[in-house]
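Contents: one structure, followed by commentary.
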Amino acid sequence: MSKYHFNEIEAKWQQYWSENQTFKAQNPSAFSSSEEGDDETVDKPKFYVLDMFPYPSGAGLHVGHPLGYIASDVYARFKRHQGFNVLHPMGYDSFGLPAEQYAIQTGQHPAETTKVNIEGGTDKSGTKIEGYRKQLDRIGFSFDWSREVRTSNPGYYKWTQWIFIQLFESWYDTSEDKARPISELKTIFSSEGNSNVEAACDEGVEIFSGATWNAFSEAKQQQILLQYRLTYLAETEVNWCPELGTVLANDEIVNGVSERGGFPVIRKKMKQWSMRITAYAQRLLDGLDTIDWPQSLKDSQTNWIGRSKGAEVTFKIKDSEKTISVFTTRPDTIYGVSFMTLAPELDLVKEITTQAQKAAVEAYIDATAKRSERDRMADVKTITGAFTGAYAEHPFTGEAIPIWIGDYVLAGYGTGAVMSVPCGDQRDYDFAKHFNIPIPNIFEGVDISEEAFSDKATTVIANSDFLNGLSYKEATQKAIEALEAKNQGEGKINYRLRDAVFSRQRYWGEPFPVYYKNGMPQMIAKEHLPLVLPEVEKYLPTEEGEPPLGRADVWAWDTEKAEIVSNDLINNETVFPLELNTMPGWAGSSCYMFRYMDPDNNEELASEEKMKYWENVDLYIGGSEHATSHLLYSRFWVKFMYDRGNLLVDEPVKKLINQGMILGESAFVHRIEGENKFVTESLLHTYKTQPIHVDVSLVDHHNNLDINGFTNWREDFKNAEFITENDGTFKVVREVEKMSKSKYNVVSPDDICSQYGADTLRLYEMFLGPLEQAKPWSTAGITGVHSFLKKLWKLYHSGEGESFRSTEEAPSKDSLKTLHKTIKKVQEDIENFSFNTSVSTFMIAVNELTAQQCTSREILEPLVILISPYAPHIAEELWQQLGHSESIATASFPKFEASHLVESSKEYPISFNGKMRFTMELPLDMSKDDIESAVMAHEKTARYLEGRTPKKVIVVPGKIVNIVG
RNA sequence: GCUGAAGUGGUGGAAUUGGUAGACACGCUGGACUUAAAAUCCAGUGGGCAGAAAUGCCCGUACGGGUUCAAGUCCCGUCUUCAGUACCA
């Protein structure tokens, strides 16, 4: 072989890796049984590199998808060269909406589509699908595929169901700040009742003694326990998306419409499974300090959790037994309250509304219910509300405070009620102005005639009795103390974070391991898991509006046989109906990183021995769009599992990096309005045109349109006319956009691999720019790294007829210098995740060594190891040609020796008043004074000084000389 | 509005602790090879001015200030772009 035949080389090594299981991670047990002379791996430290696993969509991969995988692969390979036992697995997040939507359209079982999307095949419409696995394999990743997980495999979701049961069987003890078994709570209840129990639970749980508890019926006890469980069934107001036929979590809604599809979402009360993530709010915040994640991502989690410190204040209602509790961050402004505002959805509203106001209030409630979430958000300016006719009593002055309702108060935050202080809050201010409610001023020396004053730092309280003259901080503390003394309030920390709704009315998700006995949920025992998804004849909700599982005929639980049986057998004595909802997308991805440690274990999620060894993920790479969903839920589940002793760590991931998006370069042709005539780029200004996306494959690197291809591309362009440039070419207009099929700007990694090779693709993706930045893809630039690989190949093939050649001669000093500066830079770059600069470093090294005509094995061997994490195929091939029979994968990373970089002299830049004028070669060991005299003696110095005497000469040895004057 | 990130040639980007701005590539221009093209190789390439040339000078890292012998880098203010978030009491 003389030329660089990348296709052959890559196929050869991909096969070699697969046959030799080169990247199979060693298990800790392999170390203990080291009698067979497995000494080499015994002391290897572990390193866990993980990618966010993909949802296998039918569209396949585009060049943006593998970016993070390439980066993590470079890192994983680097760690292997450094002597680590690397766990670098891959799998599929294979439950999800697209397969289900496709199933609804075609009737094909989502399991089949999913399988085809992963393993390849033909879809219902006859289109050939390459399959994720093949596409990934072509890029030469060092994944340990023996550990693959798929969230939709029953063998995997068994553990998702098991974790759900664990959550159901747990409650959160806020005094110990950890989750405990529900059995311990029962013991406490029967001995002393619940008055001393500090737990994260529903609002308004009734208080009972031990004796009362024991007297409760079984059903009643279960009902109470449900209010404490970490996953619970409750009638909650949820985001219902009629179009998708399912509820959505807050993070699945963007700007008031569904993230997927962009359909409207309405509020609806439904009985749903929820996760008591709020119990972990504080620990989720605190944990952020212990992990190395991007600051921006930590900030989004912090904002999402939304901790705010303030007070809960209880107002009595005049002529009523009822009270209103509000949360406020400004208890210091309590004397500025001139009205109360309640969210219209609050049940209390109907109870306190006076007869006279009833009609107005009901009309308002109806009007707000009709408004979609989106309208409400889009229209913040319009102020609406209604007076209930009721009055609250000021805790200190006893004054009557009118109670209003208004949709600017959100039912879901705090208590759904606010004490309105118009002088200190702009929203209250606007509301008061609109309805002519008085705005008392309680701030010293502040004008509030135009707007509210909300600057805490400069607040001095006035007109507030015992708070007069105090600052925000002092007044807050005093107000809380006074409220506590009156038993009408206390300091409180409030979180924006809501409990997460966990039910989805979908087919293609994990079934709940739950059946219903007298309407109360019962868990299926662990040994009968997995509870496998039933077959249905259609993937739509039932006519009665039940989820798709309502169509299953065999979906009942026989408690005696412990198996799924036909619905006909339901007798509600031994055979019961099963839950019809399925779990949301994030269920399967919350703990998957632990399953890779021990993927075939049938007894446990992962064995203790393996969890002890692998701990958690050392490096996790994925997109920032998961900041408040997957990455928050996963942290929650891991903390819970840690509490219950099922995991040994309380964070899933030590270090996380978000890779930036790779954008596409869309191409547009401009059509004259109302005609089938297209205008080339330079003549656009003379016509009135509209841009139309054109497939980027019809455009070359110089933006020339393939006119023939274009007219054949779409039927309606068949007879199109073209106004071209003078030379007869037609130029398109380019624009950077998100890469997507609908924009016709998708570039497939398969095509790049065929044309240039996987090593070129890998290098180029790294070369494009910093990993974390968004950057446009331009296939034009790829020739640069491709010709670099050709040059690299040539460096090793300088023999007769371009044959392989390496010599045993000692390398030149220059070559050693080139090698060692490359080692230093590449090692630093990988450790700093600055992969783009490594690629330039390689280019410089190869250019220099080529110029030096270096053939020395002492240089060529370490060089190929340096390059192998980036371009593993060519590296393996050259490594073999250098005479090695083992894979390069575990070859030791070259050791940097500073001695080769020691210089005796330096080309000093000589600047005058900060401007560099010329350079001067001077010995590095020259003293400051000698440097100064040498520079002053230089003929050019006099010329730049133009007769002036320098005021000062700055000499920084080894760096620079600056003459001031 | 708030939070975060970022603004450097025609393009992607480099300059890790303040010390020769534009590394490395793409593109472009010219040349070699070729009947021609592709591929390959060589040279040039931030802008402006002067010069036949060697070369020299001025400007230049979004904008306006500041600190410093020295600023892309540090500080203050402004603008723009991108991302996230949004009535959170």
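Chain letters run A, B, ... following the sequence lines, proteins first, then strands; residues in each count from 1. The analysis underlying the following values was restricted to heavy atoms, covering all of them including side chains, and did not include hydrogens, waters or symmetry mates. Quick caveat, the model's predicted, so the values are computed rather than measured.
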Any side-chain N or O of [X] below 4.0 angstrom from OP1/OP2 of [N]?
X: Tyr408(A); N: rA89(B); answer: no
X: Lys790(A); N: rU40(B); answer: yes
X: Arg498(A); N: rC88(B); answer: no
X: Arg734(A); N: rG10(B); answer: no
X: Lys775(A); N: rG12(B); answer: no

Notebook entry, point to check: Which nucleotide sits closest to the side chain of Tyr413(A): rC87(B), rG12(B), rC88(B)?
Noted result: rC88(B)
For the backbone of [Y] and the side chain of [X], can you confirm whether one donor and one acceptor N or O come within less than 3.5 Å of each other?
X: Tyr908(A); Y: Gly958(A); value: yes
X: Asn658(A); Y: Pro294(A); value: no
X: Arg498(A); Y: Arg496(A); value: yes
X: Ser300(A); Y: Ser296(A); value: yes

With [atom1] as the reference atom in both, quote the distance from [N] to [M] in angstrom, rounded to an integer.
N: rG30(B); M: rC82(B); atom1: P; answer: 38 Å
N: rC28(B); M: rA39(B); atom1: P; answer: 11 Å
N: rA15(B); M: rG1(B); atom1: C1'; answer: 37 Å
N: rC69(B); M: rA83(B); atom1: P; answer: 43 Å
N: rU73(B); M: rU61(B); atom1: P; answer: 9 Å
N: rU3(B); M: rU78(B); atom1: P; answer: 13 Å
N: rG4(B); M: rC59(B); atom1: P; answer: 37 Å
N: rU17(B); M: rG12(B); atom1: C1'; answer: 27 Å

Could you state the atom-to-atom distance from [atom1] of [X] to [atom2] of [N] in whole Å?
X: Asn303(A); N: rU85(B); atom1: CG; atom2: C1'; answer: 7 Å
X: Glu665(A); N: rG10(B); atom1: CD; atom2: P; answer: 17 Å
X: Ile493(A); N: rA89(B); atom1: CD1; atom2: P; answer: 13 Å
X: Leu497(A); N: rA86(B); atom1: CG; atom2: P; answer: 13 Å
X: Met661(A); N: rA6(B); atom1: CE; atom2: P; answer: 17 Å
X: Gln773(A); N: rC82(B); atom1: CD; atom2: P; answer: 15 Å
X: Gln426(A); N: rC88(B); atom1: CD; atom2: P; answer: 11 Å
X: Lys738(A); N: rA83(B); atom1: NZ; atom2: C1'; answer: 11 Å

Checklist line | All pairs passing salt bridge (charged side-chain N to carboxylate O under 4.0 Å, His left out) where residues 826-852 of chain A contributes a residue, at least two apart | finding: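 Salt bridge (charged side-chain N to carboxylate O under 4.0 Å, His left out) check on residues 826-852 of chain A returns Lys821(A)-Glu848(A), Lys824(A)-Glu828(A), Lys825(A)-Asp829(A).
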Item checked: Sequence neighbours excluded, every pair satisfying salt bridge (charged side-chain N to carboxylate O under 4.0 Å, His left out) that has a member inside residues 950-965 of chain A -> none
Check: So what does the secondary structure string of RNA chain B come out as, 5' to 3', with Watson-Crick or wobble pairs under 3.5 angstrom, [ ] for crossing and | for pairs with another strand?
Finding: (((((((..(((......[....)))((((((.......))))))(((((....)))))..(((((..]....))))))))))))....
When all nucleic acid strands are considered with a 4.0 Å heavy-atom cut-off, which category describes [X]: base, sugar-phosphate, or nothing?
X: Pro770(A); answer: sugar-phosphate
X: Arg917(A); answer: sugar-phosphate
X: Tyr944(A); answer: sugar-phosphate

Next item on the list: Would you mind telling me which residue lines up with the more 5' stretch of RNA chain B, Val964(A) or Asp428(A), judged by nearest nucleotide?
Entry: Val964(A)
Notebook entry, point to check: Closer to the 5' end of RNA chain B via nearest nucleotide, is it Thr329(A) or Asp299(A)?
Noted result: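 With Thr329(A) and Asp299(A) compared, the 5'-side residue is Asp299(A).
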Margin query: At under 4.0 Å between heavy atoms, how does the protein contact nucleotides 16-26 of chain B? Give one character per nucleotide, 5' to 3', with B, S or -.
Written below: B--BB--BBSS
Next item on the list: Kindly state each residue pair satisfying side-chain hydrogen bond (donor to acceptor under 3.5 Å, both in side chains) with at least one member in residues 761-775 of chain A, sequence neighbours excluded.
Entry: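 Qualifying pairs, neighbours excluded: Asp73(A)-Arg762(A).
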Aromatic centroids of [Y] and [X] separated by under 6.0 Å:
X: Tyr75(A); Y: Phe833(A); value: yes
X: His797(A); Y: Tyr4(A); value: no
X: Phe6(A); Y: Tyr756(A); value: no

May I have the list of side-chain donor-acceptor pairs in residues 418-426 of chain A shorter than 3.5 Å, sequence neighbours left out?
unit_1: Ser420(A); atom_1: OG; unit_2: Thr341(A); atom_2: OG1; d: 2.8
unit_1: Asp425(A); atom_1: OD1; unit_2: Arg427(A); atom_2: N; d: 2.8
unit_1: Asp425(A); atom_1: OD1; unit_2: Arg427(A); atom_2: NE; d: 3.2
unit_1: Asp425(A); atom_1: OD1; unit_2: Asp428(A); atom_2: N; d: 3.2
unit_1: Asp425(A); atom_1: OD2; unit_2: Arg427(A); atom_2: NH2; d: 2.6
unit_1: Gln426(A); atom_1: OE1; unit_2: Ala452(A); atom_2: N; d: 3.0
unit_1: Gln426(A); atom_1: NE2; unit_2: Asp430(A); atom_2: OD1; d: 3.1

Note to self: Going by the glycosidic torsion and a 90 degree boundary from 0, is the base of rG9(B) oriented syn or anti?
What the structure shows: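 Classified syn.
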Note to self: Once you measure the plane-to-plane angle for Phe435(A) and Phe431(A), does it fall in the parallel (<30°), tilted (30-60°) or perpendicular (>60°) bin?
What the structure shows: tilted
